[in-house]
Amino acid sequence: MESEIVPVHQWTHGGAEVLVLRFSDRDGKAHGGFQHPMTVGESVTAPDWNPAPECGHGIHGWPWGIGLGDGKDLVWSDLWQVYGVAPADIVALGSKVKFRTGVLRYVGTWQGATDYILKGQIGWVQQASRGKGHATGYSSASSATGYSSASSATGDSSASSATGYRSASSATGYSSASSATGDSSASSA
């Protein structure tokens, strides 16, 4: 019998927390001027928390960096944060999540934040792809193709894609993190 896949917003990678990646301006301010903590170990709590599965009324981000960019244009040069959040405090909103309260585990650059969550991200992809190693498919966990496949070599928002508009490792694309071209790409020339 195949074990059930743990959804990314509940994946703790053997610990007690889901690591949620997000960003704010360089001063730690987010939507509406909300001030995020700037010191690792400090807590944050949404003052307007509402657990309804809709945007707003919580702190938003991407669990383990999966679905990065869903719901918000990325600014690679902004301040990147990783919060440790209890799974019970998280509400899924598609690829992104919102949470009630969490502890700041990392604050700094996009590269540093993604390095901080990388082992857990890989762990989630591995457990989610068990028995699902499809060579094709739009969202297959280890597909070689597909628009949002976790390990895809192509696709507009695939995590490991070499091409695509929002792909994290893309060499091309308008908001890709490692792109040499594109209007808001982190490494754009």
Exam field: side chain [X] to backbone [Y], donor-acceptor pair closer than 3.5 Å:
X      : Y     : result
His60  : Gly58 : yes
Arg26  : Ser77 : yes
Trp124 : Val6  : yes
Lys98  : Ala52 : yes
Asn50  : His57 : no

When hydrophobic residues are tied together by side-chain contacts of less than 4.5 Å, even through go-betweens, does [X] share a cluster with [Y]?
X     : Y      : answer
Ile59 : Val40  : yes
Leu21 : Leu93  : no
Trp80 : Val103 : no

As an exercise, state the distance from [atom1] of [X] to [atom2] of [Y], rounded to the nearest 0.5 Å.
X     : Y      : atom1 : atom2 : result
Asp27 : Gln35  : CG    : CD    : 7.5 Å
Asp78 : Lys29  : CG    : NZ    : 14.0 Å
Ile90 : Thr101 : CD1   : OG1   : 11.5 Å
Asp89 : Thr45  : CG    : OG1   : 8.5 Å
Trp76 : Phe23  : CH2   : CZ    : 8.5 Å

What's the shortest heavy-atom distance between [X] and [Y], and which atoms?
X      : Y     : result
Ser43  : Pro37 : O-CG, 3.8 Å
Ile117 : Gly65 : CD1-N, 3.6 Å
Val97  : Ala92 : CG1-CA, 4.1 Å
Pro87  : Ala16 : CD-O, 3.5 Å
Val18  : Pro63 : CG1-CB, 3.9 Å
Ser95  : Gly67 : CB-CA, 3.7 Å

Can you find a pair of side-chain heavy atoms, one from [X] and one from [Y], that are under 4.5 Å apart?
X      : Y      : result
Pro47  : Phe34  : yes
Leu68  : Trp110 : yes
Leu79  : Met38  : yes
Trp62  : Lys72  : yes
Val125 : Ile66  : yes
Val44  : Gln81  : no

Leu104 vs Thr39, test: side-chain contact (heavy atoms from CB on, under 4.5 Å). Steps then yes/no.
CA-CA 7 Å; Leu104 186 62; Thr39 304; 5.8 Å; no
Residues passing the ring pair (Phe, Tyr, Trp, His ring centres under 6.0 Å) test with Phe99, sequence neighbours excluded, are Tyr83
Does any pair with a residue in residues 8-21 pass side-chain hydrogen bond (donor to acceptor under 3.5 Å, both in side chains), and if so which ones, sequence neighbours excluded?
Glu17-Arg105
